[in-house]
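Worksheet for the structure shown next.
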Amino acid sequence: MSSMQFGIFTVGDLTIDPTTGSIPTENEKLKALVTIAKKVEDIGGDVFAVGEHHDSGFVPPSISTLHAFIAAQTERLILSTSIAHITTNDPVKLAEDYATLQHLSDGRVDLVLGRGNTAQVYPWFGKDPSKGVELTIENYQLLRRLWDEDVVDWEGKFRTALQGFTSIPRPLDGVSPFVWHGSIRTPEVAEIAAYYGDGYFANNIFWPKEHYIRLINFYRQRYAHYGHGTPEQAIVGLGGQFFMRKNSQDAINEFRPYFDNAPVYGHGPSLEDFQAQTPLTVGSPQEVIEKTLAFADYFGDYQRQMFLIDHAGLPLKTVLEQLDLLGEILPTLRAEFDARRPADVPDAPTHAARVAARDAKVAAEAAEKEGVTA
Amino acid sequence: MTTRVVALSSGLSESSSSTLLAGRITAALGQRLGAEVSIETVELRPLAHEIIDASITGFAAPRLAHVHDQLREADAVVVVTPIYKASYPGLFKAFFDALDQDLLIGKPVLLAATGGTARHSLALDFALRPLFAYLQTVPVPTGVFASPHDWGSEGTGALTSRVERAVDELVSLLAGAGTGRSFSDDIDLFSETMLSISDPHRPE
């Protein structure tokens, strides 16, 4: 694995294929996600992430169940979220579910936490949608303690108090899954990421880069403010979106009906305007390489690049072809990003590296103590 | 220091009377303030597609984003719209729907409208004023409404005096009677929610 990680993120949307009128069943889409995940590993990708949704029209409400199934059929792939709700999930259950997944996958799990973007979900889980930011802060403060402390006494506003509670299983090797915080408009989420020295993820798909630059720069400055390193050493993940064919015009012709009818931006701007204004690339592998490499110019050197490729009704066969093409350009992307990357910018987080860092820190502290007593 | 004024005209026809009225108002402003004022007139019609796109995508394409920037920098705004079916046209509303909620806070605004008959004139007060109250702007008391009658020979005197009165009011507001409030894009590190992150153990 190189210093940067590449992967696929999906929201598992059930969308009509506008070219055929067909729509996958929930069963087909869930199985398709497993197929896509295994393919990501096959082409040399590093990460597969699924976005939590509870609305009909999407299939991934139970990510840790899905990921456990995928983990059993993969060997290297890191399983992540895009995002998991820190607002509506009980932090106690989050701590348990993802620690379980961490053990079963031998450390191949991390989390992107966020508020979620639909107000209607909150009451489905007994929460008040007007308290999104407060829930985010309190729930994450508790999740952090449940993983970092063996025995927790805790009292907050949004759930019953805990007395002498131990969340099980304890994190694998005593090191909890790495956490990123994802947001496209809430500076408090970037502040949480900075305060804890966690990663920050900007989905970077539907809007111009300026939206994300503002929050990423804020996160980098606050990361340094809290003493975790320089702004350049903060841990940043980005989304992206492409549709590739060997010839640029073939990609445009094939993708246009999907673009024109897509959820979120369909029936709005032209494909050409949207490509010019957002991170979307529809074109040749070389064009995807160039546009992706430019992200580091806007956002600074970063650790993880995720792509959205399976939405808008694109059939599984096409998605798998997209992954084959991604596999062909991955070595170039890795080499080019590594070449521009200063040595003091940290590598993407892995469980093994985090265990090694923890061990090194413990050894250094022990040595210092010995030095003092000697 | 030069006062920056942006005049928005949402007339939908070529050679619209709204643009004509915007011209009358900006000319009167120019006469009053002379070299101290820079006035930019923006037509919404050529931005129609970008305005609707922004309501779908949630972001402004470059030409529309430039107009948002002009408004952010403006010291005062002149707004002129035709009245259709008892209110402003949908495009006019869509333009303000796509604008940052707080962008116009505290800015003096001169409201003006045109219509096919004088019976539309109160739309200025019943339709436009609530919108600009919501946006926390400071509209001048005199709204300028122009009907076909006003463009005729017997009406122009009355229109001219309404334009002058509204411009006087705008100039007076610009002279320093403003609210002292303005839009800020800064992130407040000391809000209650921010402090609950950076100082989690602080007493309530």
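This one's a predicted model, so the numbers in the text were calculated from it and none came from an experiment. Just so it is clear: chains get the letters A, B, ... in the order the sequence lines come, proteins before strands, and each one is counted from 1.
- Only the side chain of A:Val133 comes within contact range of chain B, judged by heavy atoms closer than 4.5 Å.
- Scanning residues 205-215 of chain A against chain B with a 4.5 Å non-hydrogen threshold yields A:Phe206, A:Trp207, A:Pro208, A:His211, A:Arg214, sorted by number.
- Side-chain contact between B:Asp53 and A:Phe274 is absent, with no heavy-atom pair separated by less than 4.5 Å.
- Of the residues considered (B:Ile52, B:Thr193, B:Asp188), B:Thr193 shows the highest number of contacts with chain A, using heavy-atom pairs under 4.5 Å.
- Here the closest non-hydrogen pair linking A:Gly266 and B:Ile56 is O-CG2, 3.9 Å.
- Looking at heavy atoms from C-beta onward, B:Leu189 lies in side-chain contact with A:Arg222 at the 4.5 angstrom threshold.
- One finds the NZ atom of A:Lys157 at 7.0 Å from the OG atom of B:Ser196 (value rounded to the nearest 0.5 Å).
- Atoms OG and CD1, on B:Ser198 and A:Ile137 in that order, are 9.5 Å from each other to the nearest 0.5 Å.
- Residues A:Pro269 and B:His49 fail the side-chain proximity criterion, which asks for heavy atoms closer than 4.5 Å.
- Crowding of B:Gln31 atom CD: a count of heavy atoms from other residues, nucleotides or ligands under 6.0 Å not exceeding 12.
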Check step by step if side chain to side chain contact (heavy atoms under 4.5 Å, CB included) holds for B:Phe59 and A:Thr278. CA-CA 10 Å; B:Phe59 69 87; A:Thr278 76; 3.5 Å; yes
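- Among B:Ala60, B:Ser55, B:Ala61, the residue with the largest count of heavy-atom pairs under 4.5 Å with chain A is B:Ala61.
- The stretch residues 66-94 of chain B places none of its residues near chain A, where near means some heavy atom under 4.5 Å from a heavy atom of that chain.
- The distance from atom OH of A:Tyr195 to atom CG of B:Asp199, rounded to the nearest 0.5 Å, is 7.5 Å.
- Rounding to the nearest 0.5 Å gives a distance of 10.5 Å between CG of B:Asp186 and CZ of A:Phe218.
- For the options A:His225, A:Glu138, A:Glu188, A:His267, heavy-atom pairs under 4.5 Å to chain B are most numerous at A:Glu188.
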